[in-house]
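The block underneath contains the structure these notes are about, expressed in structure tokens.
Keep in mind that the numbers below use all heavy atoms, side chains included, and drop hydrogens, waters and symmetry copies. Every chain is numbered from 1 and lettered A, B, ... according to where its sequence line falls, protein lines coming before strand lines.
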Protein chains: 2
Amino acid sequence: MTRKVPTPRRRESSLSREQIVEASIALLDASGESGLTFRALAEHLATGAGAIYWHVASKSDLLTAACDAIVARSLHATARKSAAPKPAIRALALALFDAIDTHPWVGSALTRAPGSLPMVRILERIGQQVVALGVPGAAQWTTTNALLSYILGVSGQNAANAHLAREQGFERDSFLGEVSAEWAQLDGAEFPFTRSVAAHMLAHDDRADFLAGVDLILAGIPAARRR
Amino acid sequence: MTRKVPTPRRRESSLSREQIVEASIALLDASGESGLTFRALAEHLATGAGAIYWHVASKSDLLTAACDAIVARSLHATARKSAAPKPAIRALALALFDAIDTHPWVGSALTRAPGSLPMVRILERIGQQVVALGVPGAAQWTTTNALLSYILGVSGQNAANAHLAREQGFERDSFLGEVSAEWAQLDGAEFPFTRSVAAHMLAHDDRADFLAGVDLILAGIPAARRR
DNA sequence: ACCTGAACACCGTTCAAGT
DNA sequence: ACCTGAACACCGTTCAAGT
């Protein structure tokens, strides 16, 4: 993070970390995690594969940086609304859900980078609202963690669905149709619940269900305190 | 899934899908997701890489099968205790947490296989208890989904911590120490919450916090119904 | 029916050599 | 200080050929 004063003497159009991250995001959005390749990146940036390593430590460094750019952007867009804590948490949750829906690779990449900067950004924002909610000190960590896990968990699953559907050339709807049909054919004695929700899962609205789950957790917070 | 009657005529010690899955689990446990390689697997099984493709469709098929073996085993171990719904959900959650802690690769692999058999097994078990809890029809899917996402989300994060720590050659504790120290040095104006929980995160018990979160959601269920 | 192993088309990463 | 591009040590997957 210590940035030395640069003395740009050579050509002005030299490679920069931001350029590389931006190009990475474009590749990731276009063709998923497998689309991010040092060779593809080099071609995209009209340079050699080795050049990228001057600005970036490794592929996982690059992926984390790309994640952080998306997360920071998304959090920035929902910042400073100064709403009450619970509406603020709902807005935050939806912003992340939408960001991960738009950039499905963010979901799985975040999971593999615990304690990294993008995760800390989210933790911080949720935590501040949990504190504002009046949750006592000892429960703040647990409550924030529960919300964080739910938000990233469901958003990630939703994105994985979308990604898998696209990968198999289906529309998202017809992919859900496939899964629903599979579930409906499961053994009734062994999988009664899954069979019973097969129809609902076909018709459901991912975003609305996601928000309902957030509300479920939010509802549990005062209830848990009252015990 | 249609299994033709096999006519084993050649040598009795032929390769089987179960053998391959078992060897895969061993490799995954020993050296993580990057340790599962068709070449390593072939060497382990004293065969050629191509032979494995006779029994397995692809690497992702193999990974899903390995996941399913672990999940099925773990669910079977906690089956038929016929406890009340909430204790049953807690026991189920802990069993999965422990299984993913022991086999960290299960956490990330599950995320990438939505709608697959191992996921359905878990969905089914949680769903049955949610139904037993008396949650009305319309809310069953959402409630089950929330629990599923929380359980897999937190377990996955915990496993990712363990895996990352091991990868970097740290003990788990000293890895958490690193992260905690980093958090304590964050900018106080921008990251007040993260700074304030840095100490707690060092001392906390992952398993206990995980269970507390499950209780938080369980507490929210009746509260949400009462609205 | 099942296995072998070479071959194909890729990867991330390194590094001498250039400017 | 920054870039080039060949080279290294790998991958998953395929497929003719064997038994």
Side-chain angles (χ1 to χ4, degrees), chain A residues 2-21 23-24 27-28 30-67 105 108-109 112-113 164 167-168, chain B residues 2-21 23-24 27-28 30-67 105 108-109 112-113 164 167-168:
Chain A
T2 51
R3 189 168 296 183
K4 287 167 192 152
V5 182
T7 47
R9 190 59 52 88
R10 206 159 276 278
R11 50 187 168 137
E12 226 60 27
S13 64
S14 76
L15 222 48
S16 76
R17 197 173 211 268
E18 290 90 64
Q19 267 174 55
I20 295 173
V21 170
S24 300
L27 280 175
L28 287 161
S31 26
E33 202 150 344
S34 68
L36 181 59
T37 278
F38 278 83
R39 274 160 248 255
L41 208 45
E43 195 180 6
H44 213 80
L45 294 164
T47 180
I52 297 165
Y53 277 89
W54 186 263
H55 303 272
V56 146
S58 65
K59 181 167 182 175
S60 103
D61 176 30
L62 188 52
L63 202 55
T64 303
C67 267
W105 49 274
S108 50
R112 268 167 283 138
L164 210 69
E167 211 172 45
Q168 302 188 353
Chain B
T2 51
R3 191 169 292 182
K4 289 168 191 151
V5 182
T7 45
R9 191 60 51 89
R10 204 156 278 278
R11 50 188 168 133
E12 226 60 27
S13 63
S14 76
L15 221 49
S16 77
R17 195 171 213 268
E18 291 89 65
Q19 267 175 57
I20 296 173
V21 170
S24 299
L27 280 175
L28 286 161
S31 25
E33 203 151 344
S34 69
L36 180 58
T37 276
F38 278 84
R39 273 160 250 257
L41 208 46
E43 194 179 8
H44 212 80
L45 294 165
T47 180
I52 297 165
Y53 276 88
W54 186 262
H55 303 272
V56 146
S58 67
K59 182 167 183 178
S60 104
D61 175 31
L62 189 52
L63 201 57
T64 302
C67 267
W105 49 274
S108 49
R112 269 169 284 137
L164 209 69
E167 210 173 46
Q168 301 189 353

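Protein atom CD of Glu43(B) is 14 Å distant from nucleotide atom C1' of dG5(C), rounded to whole Å. What separates CG of Leu15(A) from C1' of dA1(D) is a distance of 13 Å, to the nearest Å. Nucleotide dG5(C) holds its P atom 13 Å from the CD1 atom of Ile52(B), rounded to whole Å. What separates CG of Leu41(B) from P of dG12(D) is a distance of 10 Å, to the nearest Å. One atom, OH of Tyr53(B), and another, P of dC3(C), lie 15 Å apart when rounded to the nearest Å. The separation between Leu63(B) atom CG and dT13(D) atom P is 11 Å, rounded to whole Å. Between the CG atom of Leu45(B) and the P atom of dC2(C) there is a distance of 16 Å, rounded to whole Å. Distance, Ile20(B) CD1 to dC2(C) P: 12 Å, rounded to whole Å.
Listed candidates were dC3(C), dT13(D), dC3(D). Nearest to the side chain of His55(A) is dC3(D). Side-chain atoms of Ser14(A) lie closest to dC3(D) of the nucleotides dG12(D), dC3(D), dG12(C).
Taking each heavy atom of Val21(A) and Ala65(A) in turn, the nearest pair found is CG2-CB, 3.8 Å. Taking both residues in full, the closest heavy atoms of Ala113(A) and Thr64(A) are given as CB-OG1, 4.4 Å, listed atom of the first, atom of the second, then distance. Shortest non-hydrogen contact noted between Asp61(B) and Ala57(B) is OD2-N, 2.9 Å. In terms of heavy atoms, Ala42(A) sits closest to Ile52(A) at N-CD1, 3.8 Å. Pairing each heavy atom of Gly35(B) with each of Ala40(B), the nearest pair is O-CB, 4.2 Å. The two residues Ser34(B) and Thr37(B) have their closest heavy-atom pair at O-OG1, 4.0 Å.
Distances shorter than 4.0 Å separate none of the side-chain N or O atoms of Trp54(B) from OP1 or OP2 on dC3(C). At the phosphate of dC3(D), neither OP1 nor OP2 sits under 4.0 Å from any side-chain N or O atom of Thr47(A). Taking only side-chain nitrogens and oxygens, Thr37(B) comes nearer than 4.0 Å to OP1 or OP2 of dC11(D).
Comparing the P positions of dA17(C) and dC2(D) gives a spacing of 22 Å, expressed to the nearest Å.
For the side chain to side chain donor-acceptor pair (under 3.5 Å) condition, no pair includes a residue of residues 38-57 of chain A, sequence neighbours left out.
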For nucleotides 6-9 of chain D, tabulate all protein N/O to nucleotide N/O atom pairs closer than 3.5 Å, reporting atom names and distance.
none

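Taking the charged nitrogens against the carboxylate oxygens, Arg112(A) and Glu33(A) do have a contact shorter than 4.0 Å, which makes a salt bridge.
One finds the OG atom of Ser24(A) at 7.5 Å from the CG atom of Leu45(A) (value rounded to the nearest 0.5 Å).
Under the 3.5 Å distance criterion, the side-chain polar atoms of Lys59(B) are matched with a main-chain donor or acceptor of Leu36(B).
The strand DNA chain D forms stems, runs of 3 or more Watson-Crick or G-U wobble pairs with distances below 3.5 Å, at C:4-8 with D:12-16, C:12-16 with D:4-8.
As judged by a 4.0 angstrom heavy-atom cut-off over every strand, Leu36(B) is placed among residues touching the sugar-phosphate backbone only.
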